[in-house]
K.L.:
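Sharing a structure with you now.
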Amino acid sequence: MPMELVFLIEQLLNGLLVGVAYLLIALGLSLIFSLGGIVNLAHGGFYAIGAYIGVEVGNRFGFPAAFVAAPLSVALIGMVIERTLFSRFYRADPILSLLLTFGLAMVIEQALRMAFGATPIPFSIPAFLKGQVFLGDFIYSRYRLAILVVAAAAVLGLWLLLQRTAFGRVVRAGVQNPDMVGALGISLTPYLTAVAAIGIGLAGLAGIMLAPISGVHPAMGSEILTAAFVVVVIGGLGSFWGVVAAGLLVGLVRGLTVYFIPPAAEASMYVLMLAVLLTRPRGLFGERILRFE
Amino acid sequence: MNDIPHHARIASASVGRRTLLKGVGAAALLGGVGMPAIVKAQADTVTFGHLTPLTGFLGPLGAYGQMGVQLAVEELNAAGGINGRKINLVMEDSVNPATASSKAERYIERDKAAVIVGEISSASALAIAQVAARNKTVFVNTGGNSDALRGKDCNRYMFHVEGANTQYVKAVGAAMLRDGLIKGKKLFFLTADYAFGHDLSRVAKRYIAQNGGEVVADELVPTDATDFSPYLLKVRQARPDVVISNLAGNQITNFIKQYSEFGLKYPFGGFGFDTAVAWGAGKGTFGGIWPMIWHHDVPTPGSKAFVAAFVKKFGKPPENQAWGDYVATKCVARAMIETKSTTAADLIAFFEKEPELDILKARKGYFRSWDHQLIQEMYTVTARPVAEVKDQWDLMILGPAVPGAETALSAIAPTPEENACTFPAG
C-alpha cells in the first residue's frame, strides 16, 4: 500500500475515534429533545461538571473511581435539574426552555470559574492506559482506544435499553405520540426524569473520558456543545442510528479536511450540516414525527 | 386510570425540529457571550480602563491579567494614589475585536478613562489601539505579541509591555541554536490561525532561515480546535527533526498533553508561551523548550515582593500575564506622578525620553521611542524532572535571562529593518 494512502486511512480512522467522543454528548442531547422537547444548551455544562468531578475524585481515589463517580453524580444532578426546572417547561413555549438552558449553561460555566478558577486544571491519562498501540503502519493512543470501547459499550447499552426493554418501548412511544401514551394511562413523568438522567449522565461520562485529552477548564462545555448539536441535526430527530452515523461522519469529514485543507477543519462540520439540511431537512435518518413538523 | 394525565399533553406546545436548529445557533452564541462588568464612576479619581479576554481560548490568561491590575491599583491607592487622586479601575471582558473596540470607546467617552491597559489577543489589541489613537488616549498593550502591532500598525498612543514576537523568537531561538535544534534541521510548525499566529510564524521562519534551518510544514490550526490528533499524525507522516508550536492559550495546553499522549519522539518547543498553559498540562506531561517574558521564579527582590503580595491576595503564584498588567499599571502611574499630569501628550513625552523603568527584572527596561516597545530581558523555560517537582506550580526550570549581561537589551528586539514603524501624524 502506498504510504500516502496509509496516512489517509490513518486520518480517517482517527476521525472516527473523534466522532465517537461527540456521540456520547449528542445522543443524550437528542434523547432529551426528542422526548421532552427541551433543547438543552446546558448539556455542555454537564459535560464540564463531569470533567471537574472526575478530576477531584480521580486525584483522591484514582481514575477508576472517577470513571464511575463522574457519570453517576452528574446523572443525579441531571435528575434534580429535570425535576426542579425542566419539568416546568415541557408544556411551555420552546423559546422559554431555550432561555432557561441558555441561562443554566452560563450559570454552570461561571460557577465552575468561581470555584476552580479560569485556568485549565491538569489531569493526566492514568498510567495503565498510557502509551501507544501500533497496528502495522498505524499508531493509536491506547487511551483513545479505551474511549472507543467505553463509548461503543454506552451506545450499545443505550440501544438495547431503548429497543429491548419495557422502559425503552414507553420512551419510544412517548417520542412518537405522548398523548397516546397518556391515554393508555402511562405517566411519562418518571420516564422524562430517567431520560434526562441518562442523557446528562452520558455527558458526564464524556467529561471524565475527555478530561485527560482536552483541557479541563470552565469553557470546555461551550467548546464541544456546538459540535454535538450539529451531530444531532445531521443525524435527524428520533433516529438513534442517525445520530450515531452523524457522529462518525462528522469525525470522518473532519479527519479528511485536516488532511487536505487544515485551516477549514472546524468549519467542515458546518458545511456538512448545510449540505445535509439542503438535501434532507429532517437529517440523514430523521423520521417524520408529526409533533415536530 | 381513566383520566388523561395532564403531563400527557406534553407536546401541545409547538416545539419543532426548527427549534433544534435554533439550538445550534444559540450554542454557538454561548461561546461568544462575555462576562458582565459593574462600573462605578467616582468623582475626583483617575480612571484606568482595563480590557482583556475572560472567555474563549485566551480567557484563562485574562483572569490573571485582571488580578495583576487589581493588585497594582490596590498598592498604588494604598500609597496615596496619583497626585492625591485615587485610581478608579474599571475592568471588562474584551471578548473579540469588535466588542473590544466598542468597550474601549465607551471607557473613553462615558468613563473618561485616562488610559487603557490590557489585552492579550493581537487582533483585539489592534482594534483598541485604533480607538485609542482616534481619541488621543494612551493604550498600554500587556499581552498582544504580534510584530505588526509595533510595525506597520504602530501608533504613537500605543505602548507595549508585552514582548514582540521577535523578542520571543530570538530569546528561545538562541537556546534552540545552542541545543542544535535549528541548524541543518527540518522543523514542523503548528500555527494558531489568527493575527498572532500568522505574525509569529512569519517572524520565526525568518529567524530559522537566517540560522540554517528549514521549515518543512506550517499547519494552521483553528483557535477553537481542541483535538490535535490529526495534526500529530501529520507530524508523524512528515518525520521532522523538531516540532514547533506557534499556538496560543489553551491550544498549547492541549498540544502538549496530546503530544505526550501520542508519544512522539521528536524534540519540541515553541516561540510563544504562557505559564498557565504549562500548569494546565501538568506534571509528567509538560515538556519542550519555551520562551518566557517573566516567571514567578525570577530571582530579583522586586519579583519576590510581587509574588509574595500576589500569593497573599489570591492564594496562588502569579502567572506571567499578571506580571504584564501589574508592571504596565505601575509604569503608567509613575509617569502620571512624575509629570503631574494625566494627559496623553505628557505621558508619551515622558516615556519617549526612555527613562529606565523598574519591571521587576534584574536589568531595568525602557520603552523604545521609535516603536514604543518595552526593551527588556526575556527567559527560557524547560520541564523540571518529575521527581524534583515540588507542587503544581513548580513544573519549569527557568533559564538565564536573555540577552546576557554584556549584550544590549535591544539585541533581541526587532530592528527597524525587520519591523519598521512610522507613527501616523496627528
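Chain A is the first sequence line, chain B the second, and so forth, proteins listed ahead of strands; every chain is numbered from 1. Hydrogens, waters and symmetry mates play no part in the numbers below; they use all other heavy atoms, side chains included. Small disclaimer: the values here were computed from a predicted structure and weren't measured.
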K.L.:
For the interface with chain B, which of A:Pro212, A:Gly131, A:Gly15, A:Ala105 has the highest count of heavy-atom pairs at distances below 4.5 Å?
P.N.:
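Looking at each option in turn, the highest pair count goes to A:Pro212.
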
K.L.:
Would you say the side chain of A:Glu10 lies within less than 4.5 Å of the side chain of B:Arg236, judging by non-hydrogen atoms?
P.N.:
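Yes - at least one pair of side-chain heavy atoms lies under 4.5 Å apart.
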
K.L.:
With a 4.5 angstrom heavy-atom cut-off, could you sort out which part of A:Ile125 is near chain B: side chain, backbone, both or neither?
P.N.:
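A:Ile125 touches chain B through side-chain heavy atoms alone.
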
K.L.:
For A:Met273, is it the side chain, the backbone, both or neither that has a heavy atom under 4.5 Å from a heavy atom of chain B?
P.N.:
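The answer is the side chain of A:Met273.
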
K.L.:
If you round to the nearest 0.5 Å, how far is CZ of B:Phe262 from CZ of A:Arg142?
P.N.:
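The CZ atom of A:Arg142 sits 13.5 Å away from the CZ atom of B:Phe262.
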
K.L.:
Evaluate the side-chain proximity of A:Arg113 to B:Thr55: yes if any heavy-atom separation is below 4.5 Å, no if none is.
P.N.:
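B:Thr55 vs A:Arg113: side chains touch.
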
K.L.:
Can you tell which part of A:Gln132 gets under 4.5 Å to a heavy atom of chain B, answering side chain, backbone, both or neither?
P.N.:
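Contact with chain B involves the side chain of A:Gln132 alone.
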
K.L.:
Taking the side chain as C-beta and beyond, is there a heavy-atom pair between A:Phe7 and B:Leu233 under 4.5 Å?
P.N.:
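No; the side chains remain at least 4.5 Å from each other.
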
K.L.:
Heavy-atom distances under 4.5 Å only: say whether B:Thr253 touches chain A with side chain, backbone, both or neither.
P.N.:
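Only the side chain of B:Thr253 comes within 4.5 Å of chain A.
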
K.L.:
State, with a plain yes or no, whether a side-chain heavy atom of A:Pro122 is found less than 4.5 Å away from one of B:Thr285.
P.N.:
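They are not in side-chain contact.
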
K.L.:
Given that the side chain runs from C-beta out, which part of A:Val258 has a heavy atom under 4.5 Å from chain B: side chain, backbone, both or neither?
P.N.:
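Both backbone and side chain.
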
K.L.:
Can you tell if the side chain of A:Asn14 reaches within under 4.5 Å of the side chain of B:Pro230, non-hydrogen atoms only?
P.N.:
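Yes, side chains in contact.
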
K.L.:
Go through it in stages, so that I can follow the logic: the residues are A:Glu266 and B:Asp193, the test is side chain to side chain contact (heavy atoms under 4.5 Å, CB included), and I'd like the CA-CA distance, side-chain angles, deciding distance and then a yes or no.
P.N.:
CA-CA 11 Å; A:Glu266 299 298 306; B:Asp193 194 7; over 6 Å; no

K.L.:
Between B:Ala225, B:Gly59, B:Ala276, B:Gly249, who has the most heavy-atom pairs with chain A when the cutoff is under 4.5 Å?
P.N.:
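The residue among B:Ala225, B:Gly59, B:Ala276, B:Gly249 with the greatest pair count is B:Ala225.
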
K.L.:
So for B:Asp224, is it side chain, backbone, both, or neither that comes closer than 4.5 Å to the heavy atoms of chain A?
P.N.:
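Both parts, heavy atoms under 4.5 Å.
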
K.L.:
Under 4.5 Å between any side-chain heavy atoms of A:Ser214 and B:Asn254, yes or no?
P.N.:
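Side-chain contact under 4.5 Å: yes.
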
K.L.:
Shortest non-hydrogen contact from B:Glu261 to A:Tyr143?
P.N.:
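Reported closest heavy-atom pair: OE2-CB, 4.4 Å.
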
K.L.:
Between B:Thr191 and chain A, which part of the residue has a heavy atom less than 4.5 Å away: side chain, backbone, both or neither?
P.N.:
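Neither part, no heavy atoms under 4.5 Å.
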
K.L.:
Return yes when atom NZ of B:Lys316 has more than 12 non-hydrogen atoms of other residues, nucleotides or ligands closer than 6.0 Å, and no otherwise.
P.N.:
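Enclosed: over 12 neighbouring heavy atoms sit under 6.0 Å from NZ of B:Lys316.
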
K.L.:
If we define contacts as heavy-atom pairs under 4.5 Å, which of A:Gly255, A:Pro281, A:Ser141, A:Gly221 has the most with chain B?
P.N.:
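Maximum pair count with chain B is reached by A:Ser141.
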
K.L.:
May I ask you to name which of A:Val39, A:Ile139, A:Leu98 has the most heavy-atom pairs under 4.5 Å with chain B?
P.N.:
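Of A:Val39, A:Ile139, A:Leu98, A:Ile139 has the most heavy-atom pairs under 4.5 Å with chain B.
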
K.L.:
Without hydrogens or angle criteria, can the side chains of B:Thr226 and A:Glu223 be said to hold a donor-acceptor pair below 3.5 Å?
P.N.:
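B:Thr226 vs A:Glu223: no donor-acceptor pair found between side chains.
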
K.L.:
As an exercise: rank A:Arg144, A:Arg254, A:His217 by heavy-atom pairs under 4.5 Å with chain B and give me the winner.
P.N.:
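The residue among A:Arg144, A:Arg254, A:His217 with the greatest pair count is A:Arg144.
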
K.L.:
Side-chain contact, heavy-atom cut-off 4.5 Å: A:Thr119 with B:Tyr64?
P.N.:
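The answer is yes, as the side chains (C-beta and beyond) meet within the 4.5 Å cut-off.
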
K.L.:
Using modelled atom types only, decide if a donor and an acceptor are shared between the side chain of B:Lys257 and the backbone of A:Ser124 within a distance under 3.5 Å.
P.N.:
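Not at all, since once roles are kept as given, no pair shorter than 3.5 Å links the two residues.
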
K.L.:
Non-hydrogen atoms of chain B under 4.5 Å away: do they reach the side chain of A:Leu17, the backbone, both or neither?
P.N.:
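Nothing of A:Leu17, per the 4.5 Å heavy-atom cut-off to chain B.
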
